[in-house]
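For reference, positions follow the sequence shown, starting with 1.
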Amino acid sequence: MAPKRCAVGFWITTALFAIHMTFTAYAQLKLPQVAAAFAHLGFPSYFRVELSWAKFAGVIALLVPAVPARIKEWAYAGFAITLVSAVIAHLAVGDGPAAWGWAVGAGVLLGMSYFFWRCSRRVS
């Protein structure tokens, strides 16, 4: 794939993913209905706060070009574990696709971002 296409694909998918993760992290910290959703899933309150700050750190790791590749790999892995865990948690309590569909959509964006990131590293 052409280097420019890899770079454009990376920045589009990563920006959309980062917006999504930043909004969910903010919502987990500030919106009472999101805190109630965490309680519905059986998670303690401290986990919601911890996960939010981890999301902010992961977004920074993905967006800042100076961050070493190994840290970016850890960020991708952390987000993948988070999204798979979200789907499993929703399925475990019997939630429907309206609840876990966002995690699946974010997972697709994450996968595309990772693909384009690897592509751009290969051609450079």
Show me the pairs that pass side chain to side chain donor-acceptor pair (under 3.5 Å) and involve residues 100-110, at least two apart or across chains.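 Sorted result for residues 100-110: empty, none.
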
Which residues pass the side-chain hydrogen bond (donor to acceptor under 3.5 Å, both in side chains) test with T22, sequence neighbours left out? none

Got a sec, which residues hit side-chain hydrogen bond (donor to acceptor under 3.5 Å, both in side chains) with H20, two or more places apart in sequence or on another chain?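 H20 satisfies side-chain hydrogen bond (donor to acceptor under 3.5 Å, both in side chains) with no other residue.
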
Identify each donor-acceptor pair in which a side-chain atom of residues 89-96 lies under 3.5 Å from a protein atom, sequence neighbours left out, and give them as a table.
residue: H90; atom: ND1; partner: D95; partner atom: OD2; Å: 2.7
residue: D95; atom: OD1; partner: H40; partner atom: NE2; Å: 3.0
residue: D95; atom: OD2; partner: H40; partner atom: NE2; Å: 3.4

Does [X] have any ring-ring contact (aromatic ring centres under 6.0 Å, His included) partners at least two apart in sequence or in another chain, and if so, which?
X	answer
F116	none
F23	none
W11	none
F115	none

Connected hydrophobic set around [X], excluding itself, where side chains approach under 4.5 Å:
X	answer
Y26	none
L29	V49, W53, F56
I88	V84

May I ask you to check whether Y114 and T13 show a side-chain donor-acceptor distance below 3.5 Å?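 No.
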
Salt bridge (Lys or Arg N to Asp or Glu O under 4.0 Å) pairs touching residues 62-77, sequence neighbours excluded, are E73-R118

